[in-house]
Protein chains: 2
Amino acid sequence: MASADLRDGRIDLLTGQPVSGRVERADAARNRRKVLMAAQALFARRDPRSVTMDEIAREAGVGRATLYRRYPDPAAIATALLDEHERRVQEQLLSGDPPLGPGASPADRLIAFYEALVDILEQHLPLTLSAETGPRRFQTGAYGFWRTHISTLLAEAGLSATEALVDLLLAPLAPDLYEHLRHQRGLTPEQIVDGLRILAHQVLTTHP
Amino acid sequence: MASADLRDGRIDLLTGQPVSGRVERADAARNRRKVLMAAQALFARRDPRSVTMDEIAREAGVGRATLYRRYPDPAAIATALLDEHERRVQEQLLSGDPPLGPGASPADRLIAFYEALVDILEQHLPLTLSAETGPRRFQTGAYGFWRTHISTLLAEAGLSATEALVDLLLAPLAPDLYEHLRHQRGLTPEQIVDGLRILAHQVLTTHP
DNA sequence: GGTTAACTGGACACGACGTCCAGTTATTCC
DNA sequence: GGAATAACTGGACGTCGTGTCCAGTTAACC
């Protein structure tokens, strides 16, 4: 069975690396890197939502079973590629300088968070489109992290009673929407941040 | 060619009916209805995003070419089914009673709009998931209509300068998100409306 | 350096896609 | 009312992607 390791949990679903304690074979590591590089190029070159496992395998010069051994679908590969960037923001949220890190007002922190995520969207839109499109978006670890963060900010601002608000405030960061604003409607990242800034400011600074 | 009529514009992409001036043949009308009924049942029964043209044809007892003659994909069928409901809201926005129709404050009208769309999402979630998921969402006529409406409300409230805000305020109504809130997070429609109400109120009533 | 376990690539069957063609049926015109 | 015409229909076809399996190969460990 090609993906027995995946099913048995001997391979990390997120990074595609063997779980801790196991040593990755040299040839396996080499191929993993080839796959990631090839996938990144493909996602950037064409519509990321229509990239297939076949294509990635061909582009990487690797058999299909080799791909399935680590990643169940193209979205998982995009998630692995994105992980590094999102993790960096997560660290700054927890222990970075204000206003992204602790210390600033909830409104300012939300604005800084919006800016940081717009930055990720702007720099890695193909990856986010592939990894966080549709229902997948809500199941990634990153989404859970953002939820917790916003939830904390809302609590600080005295808005903790409204369960849904957290996700409603994350909705404007959907990659699909960002692509539409940038490429269909022709807006600049600055214009998008302007809109988000108003949103954050209005929701978190004045409330009756 | 099976879908020559579709390509030549002799068939309405939205409803699947012949363009005005043409008379629909009796057997064609019968089959169109069979297709719509079968599709609605199918969308409701299983994950609407994975329903295929094959299945719909089988369920309707109709050949595949008959399907492709009118609809290019399952999403188009869902759009046709949704159209009626969305059109009703659109009429009320233009000439219905306040607060949905003209006459109320922008904030109250936005809240009423949110409530109306949550109602559609609640009653026809499978259809909206199929019709308005991913990038398709922004290309439907309905989305354009909602945009225009919100844009008007923002202008009335003196927020017309911020281009992106319109779409940011529509983002929380994405069907994918609604499904997540309802079925993954277990929120009630009332809780979701509560969140939207805060959003609308905060953005549209007080601004510096 | 031999044994063991992991890794790899290609083959396989399946299902969905979108198109095409030939037969059938409704509408139009006289 | 019946023939001519155009529209409609269903099944077949080739293509592509999927996910799995197997047998050969290669690296790690003792």
Side-chain angles (χ1 to χ4, degrees), chain A residues 1-13 16-36 38-39 42 46-77 130, chain B residues 1-13 16-36 38-39 42 46-77 130:
Chain A
M1 304 169 194
S3 58
D5 309 85
L6 232 171
R7 282 202 296 274
D8 299 352
R10 281 181 288 191
I11 295 246
D12 185 334
L13 264 168
Q17 290 171 348
V19 294
S20 63
R22 253 167 213 292
V23 201
E24 188 179 30
R25 261 169 63 163
D27 52 348
R30 208 179 316 131
N31 275 357
R32 187 166 55 80
R33 207 159 312 153
K34 278 202 294 183
V35 164
L36 290 176
L42 263 173
R46 337 204 293 82
D47 176 16
R49 278 168 294 230
S50 66
V51 169
T52 70
M53 291 293 260
D54 263 327
E55 279 178 308
I56 298 173
R58 240 177 295 140
E59 176 97 3
V62 153
R64 296 165 32 66
T66 307
L67 218 52
Y68 278 105
R69 158 169 291 270
R70 294 198 175 69
Y71 307 102
D73 50 51
I77 304 180
S130 176
Chain B
M1 302 167 194
S3 58
D5 309 83
L6 201 62
R7 282 203 295 276
D8 299 353
R10 281 181 288 191
I11 296 243
D12 187 334
L13 265 168
Q17 290 170 349
V19 293
S20 63
R22 254 166 211 291
V23 202
E24 188 179 31
R25 261 170 61 165
D27 54 346
R30 208 179 317 132
N31 273 357
R32 188 164 55 81
R33 206 159 313 151
K34 279 203 294 183
V35 164
L36 290 177
L42 223 49
R46 336 205 292 81
D47 177 14
R49 280 168 293 230
S50 66
V51 169
T52 71
M53 290 294 259
D54 266 328
E55 277 178 310
I56 299 174
R58 238 178 296 139
E59 175 96 5
V62 152
R64 295 164 35 64
T66 306
L67 218 54
Y68 278 106
R69 158 168 293 270
R70 293 198 176 69
Y71 307 103
D73 50 51
I77 305 181
S130 175

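Throughout, a chain's letter reflects where its sequence line sits, starting with A, and its residues are numbered from 1.
Between A/Met53 atom CE and D/dG17 atom C1' the separation is 11 Å, expressed in whole Å. The distance between atom CG of B/Asp73 and atom P of C/dT19, rounded to the nearest whole Å, is 12 Å. Atom-to-atom, CD of A/Glu55 to P of D/dG19 comes out at 15 Å; the value is rounded to the nearest Å. Computed from coordinates, the A/Leu67 CG to C/dG10 P distance equals 13 Å when rounded to whole Å. Between B/Leu42 atom CG and C/dA16 atom P there is a gap of 11 Å when expressed in whole angstrom units. Going from atom CZ of A/Arg32 over to atom C1' of C/dA6 covers 15 Å, rounded to whole Å.
Regarding contacts with the backbone of C/dT8, a side-chain N or O of A/Asn31 is found under 4.0 angstrom from either OP1 or OP2. In this model, the phosphate group of D/dG10 is approached by a side-chain N or O of B/Thr66 to a distance below 4.0 Å at OP1 or OP2. Distances shorter than 4.0 Å separate some side-chain N or O of B/Arg70 from OP1 or OP2 on D/dT9. Distances shown here put every side-chain N or O of A/Arg58 at or beyond 4.0 Å from the OP1 or OP2 atom of C/dG9.
Looking only at distances, no side-chain donor or acceptor of B/Asp27 sits under 3.5 Å from a matching main-chain atom of B/Arg30.
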Inset, instruction - Would you please test A/Tyr71 and A/Leu36 for side-chain contact (heavy atoms from CB on, under 4.5 Å) and show each step? - result: CA-CA 11 Å; A/Tyr71 307 102; A/Leu36 290 176; 3.7 Å; yes
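In this model, a side-chain donor or acceptor of B/Arg64 finds a partner on the base of C/dG18 within 3.5 Å.
Residue-level contact check: A/Asp27 touches the backbone only, with heavy atoms under 4.0 Å from sugar-phosphate atoms and none from bases.
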